[in-house]
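From a predicted model like this one, the values you see are computed outputs, not experimental measurements.
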Amino acid sequence: MEIPYTTDVRPDTGLTNPKLGIWLFLASEVMLFGSLFSSYALLRSGAPTWPVQHEILSVPLAALNTVVLIASSVTMVMAWASLAPHIAAVRSGNRDEEARSLGRYRLFMGLTLLGGAIFLVVKTIEYSDKFSHHLYPATNNFLGLYFTLTGLHAVHVIVGMIVNAYLWGPGARMWHREPERFTNRIEVAGIYWHFVDVVWIFLFPVLYLL
Amino acid sequence: MAHDVATQVRGYMLVFGALLVLTLATVGMSYLRLPETPAIVIGLGIALTKASLVAMYFMHLKGEKPMVYWPLGLTAFLFIGLLVSVLLAEGDHLFGTQFGDAFTR
């Protein structure tokens with residue numbers, strides 16, 4: 001059975017199902033992270049004292065992670081842009097263009113995966129450093145919030161990387177059979193990945209700089 | 001077609017440049033050690049700008065259909081409602097006001 005509206009838009013919404021689906025999913029994710037951010041705001045504003053965040057956490061490491069994630073968002077959108085203009089060529093049987101665009105896509109998707117990996121490595125270094133100084137989630141409210149927020153975010157990065165790895169590897173076979181449907185998959189996976197970047201864009205100033 | 005792609009890619013690179021500049025700005029700002037309120041306003045303001053750039057250009061939100069805008073708008077409204085309701089419930093404790101008994105008097 002074929003899944004409807006993966007390339008054709010629905011006449012009532014004007015969107016493909018995956019496009020609408022990912023945005024609705026992201027709306028729910030906004031409420032998830034939003035509730036944690038508002039917990040931070042409430043706990044911090046009501047606390048008699050609050051640790052000096054940049055003395056506990058490493059601003060340079062987090063700034064590096066910010067640049068890495070932003071760069072991975074750029075490479076993700078470039079991965080989509082490597083495919084989108086060449087859909088017609090694949091349909092008309094231009095094998096050369098098909099192979100070249102797939103190669104460019106794999107390069108950019110690979111760089112996106114690399115960015116995600118670097119982010120997680122830096123996060124691991126940060127966490128181990130905290131643990132080695134006996135700073136745990138249970139130590140105080142700030143650390144509880146820090147580990148919860150960044151931990152949940154890291155889980156989202158891991159899930160995104162699993163999806164992207166599938167789309168880089170076995171999933172890419174769809175480029176040959178259904179190029180437009182595959183391109184739409186990359187766009188939707190990209191929207192999720194950009195959201196993960198946006199969450200970090202807020203996490204960085206809130207947890208490290210304020 | 002190739003020209004369109006080049007324009008698009010150039011757009012992405014410009015956004016990337018802007019994001020890097022804003023990241024530099026937000027880190028630089030933090031070293032000024034401003035008092036709490038301006039620090040929060042400027043820090044979150046820069047974050048909001050960066051997030052908008054990513055949403056508008058990388059997520060292709062600019063020029064999207066109303067069917068995407070409306071749920072997102074509703075989400076933003078409900079999220080602000082969430083924050084406000086928390087503030088209203090705990091406001092006395094935070095701002096030293098005495099409105100807690102207002103409904104029972």
Side-chain angles (χ1 to χ4, degrees), chain A residues 9-10 12-15 19-20 22-24 26-31 33-35 37-39 41-42 45-46 53-54 59-60 62-63 66-67 70-71 73-78 80-82 84-86 88-89 187 190-195 197-199 201-206 208-210, chain B residues 1-2 4-5 8-9 11-13 15-16 19-20 22-24 26-27 29-31 33 36 39-40 42-55 57-61 64-69 71-76 78-80 82-87 89-90 93-95:
Chain A
V9 298
R10 280 181 64 112
D12 49 3
T13 63
L15 299 165
K19 180 69 81 80
L20 179 60
I22 197 72
W23 279 113
L24 290 178
L26 291 189
S28 75
E29 293 271 81
V30 166
M31 298 313 273
F33 281 100
S35 63
F37 272 106
S38 52
S39 303
L42 184 65
S45 56
Q53 299 180 166
H54 56 84
V59 170
T66 307
V67 171
I70 291 174
S73 263
V74 178
T75 56
M76 184 84 208
V77 79
M78 287 299 297
W80 172 81
S82 301
H86 304 285
E187 187 182 14
I191 290 171
Y192 172 83
W193 190 254
H194 299 312
F195 174 75
D197 184 23
V198 165
V199 171
I201 282 171
F202 282 103
L203 279 179
F204 175 51
V206 167
Y208 290 84
L209 302 179
L210 286 179
Chain B
M1 225 340 175
D4 291 331
V5 177
Q8 229 180 10
V9 169
Y12 294 144
M13 291 307 156
V15 172
F16 184 35
L19 289 169
L20 289 178
L22 287 168
T23 305
L24 211 67
T26 204
V27 173
M29 286 278 328
S30 74
Y31 283 104
R33 306 278 178 246
E36 198 172 28
I40 292 171
I42 296 174
L44 287 183
I46 294 178
L48 198 64
T49 310
K50 287 164 77 179
S52 304
L53 283 172
V54 172
Y57 295 103
F58 292 166
M59 294 163 100
H60 301 144
L61 203 51
E64 230 344 325
K65 302 283 187 304
M67 191 64 209
V68 172
Y69 283 142
L72 287 179
L74 182 65
T75 308
L78 289 172
F79 174 58
I80 291 166
L82 178 76
L83 282 175
V84 165
S85 64
V86 157
L87 274 180
E90 299 291 322
H93 158 65
L94 296 174
F95 304 118

Legend entry - Max heavy-atom pair count under 4.5 Å with chain A, selected residue of B/K50, B/M13, B/E36: B/K50
Inset, instruction - Name the member of B/L19, B/V68, B/L24, B/L61 that forms the most heavy-atom pairs with chain A at distances under 4.5 Å. - result: B/V68
Inset, instruction - Go through A/E187, A/M78, A/H54, A/M76 and name the one with the most non-hydrogen pairs under 4.5 angstrom from chain B. - result: A/H54
Legend entry - Over all atoms of both residues, closest heavy-atom pair of A/S35 and B/L82: CA-CD2, 4.1 Å
Legend entry - Listed partners of A/Y192 passing ring-ring contact (aromatic ring centres under 6.0 Å, His included), at least two apart: none
Legend entry - Residue list, side chain to side chain contact (heavy atoms under 4.5 Å, CB included) with A/V30, at least two apart or on another chain: A/F195, B/T75
Legend entry - Contacting region of A/W193 [heavy-atom separation from chain B under 4.5 Å]: neither
Inset, instruction - Against chain B, label A/L210 side chain, backbone, both or neither, depending on which of its atoms sit under 4.5 Å from a heavy atom there. - result: side chain
Inset, instruction - Pick whichever of A/Y208, A/F202, A/W23 has the most heavy-atom pairs under 4.5 Å with chain B. - result: A/W23
Inset, instruction - Please flag which part of B/M29 lies under 4.5 Å from any non-hydrogen atom of chain A: side chain, backbone, both or neither. - result: neither
Legend entry - Contacting region of B/L74 [heavy-atom separation from chain A under 4.5 Å]: neither
Legend entry - Engaged part of A/A88 at the chain B interface, taking heavy atoms whose separation is under 4.5 Å: neither
Inset, instruction - Measure across B/A51 and A/I201 and return the closest heavy-atom pair with its distance rounded to 0.1 Å. - result: N-CG2, 4.1 Å
Inset, instruction - Give, as side chain, backbone, both or neither, the part of A/T13 having an atom under 4.5 angstrom from any heavy atom of chain B. - result: both
Inset, instruction - Answer whether the closest heavy-atom distance between the side chains of B/E64 and A/K19 falls below 4.5 Å. - result: yes
Inset, instruction - Quick one: closest heavy-atom pair of A/V59 and A/F204, and the distance? - result: O-CE1, 4.1 Å
Inset, instruction - Check each atom of A/L209 against the heavy atoms of chain B and say whether the ones under 4.5 Å are side chain, backbone, both or neither. - result: both
Inset, instruction - Examine whether an atom of A/V206 lies under 4.5 Å from a heavy atom of chain B, and if so say whether it belongs to the side chain, the backbone or both; otherwise answer neither. - result: side chain
Inset, instruction - With a 4.5 Å cut-off on heavy-atom pairs, point out which of A/V198, A/V77, A/T66, A/V67 contacts chain B the most. - result: A/V77
Inset, instruction - Examine whether an atom of B/L78 lies under 4.5 Å from a heavy atom of chain A, and if so say whether it belongs to the side chain, the backbone or both; otherwise answer neither. - result: both
Inset, instruction - For atom CZ of B/F16, decide whether the heavy atoms of other residues, nucleotides or ligands shown that lie under 6.0 angstrom number more than 12. - result: yes
Inset, instruction - Please state whether the side chain, the backbone, both or neither of B/L20 comes within less than 4.5 Å of a heavy atom of chain A. - result: side chain
Legend entry - chain B contact via A/L26 - side chain, backbone, both or neither, heavy atoms under 4.5 Å: side chain
Legend entry - Least distance between heavy atoms, B/K65 atom then A/G14 atom: CE-O, 3.4 Å
Inset, instruction - Please flag which part of B/T26 lies under 4.5 Å from any non-hydrogen atom of chain A: side chain, backbone, both or neither. - result: both
Legend entry - Heavy-atom pair of closest approach, residues A/I191 and B/M59: O-CE, 3.4 Å
Inset, instruction - Answer yes or no: is there a side-chain heavy-atom contact under 4.5 Å between B/L53 and B/F58? - result: no
Inset, instruction - Compare every heavy atom of B/L83 with every heavy atom of A/S38, then report the nearest pair and how far apart it is. - result: CB-CD2, 3.0 Å
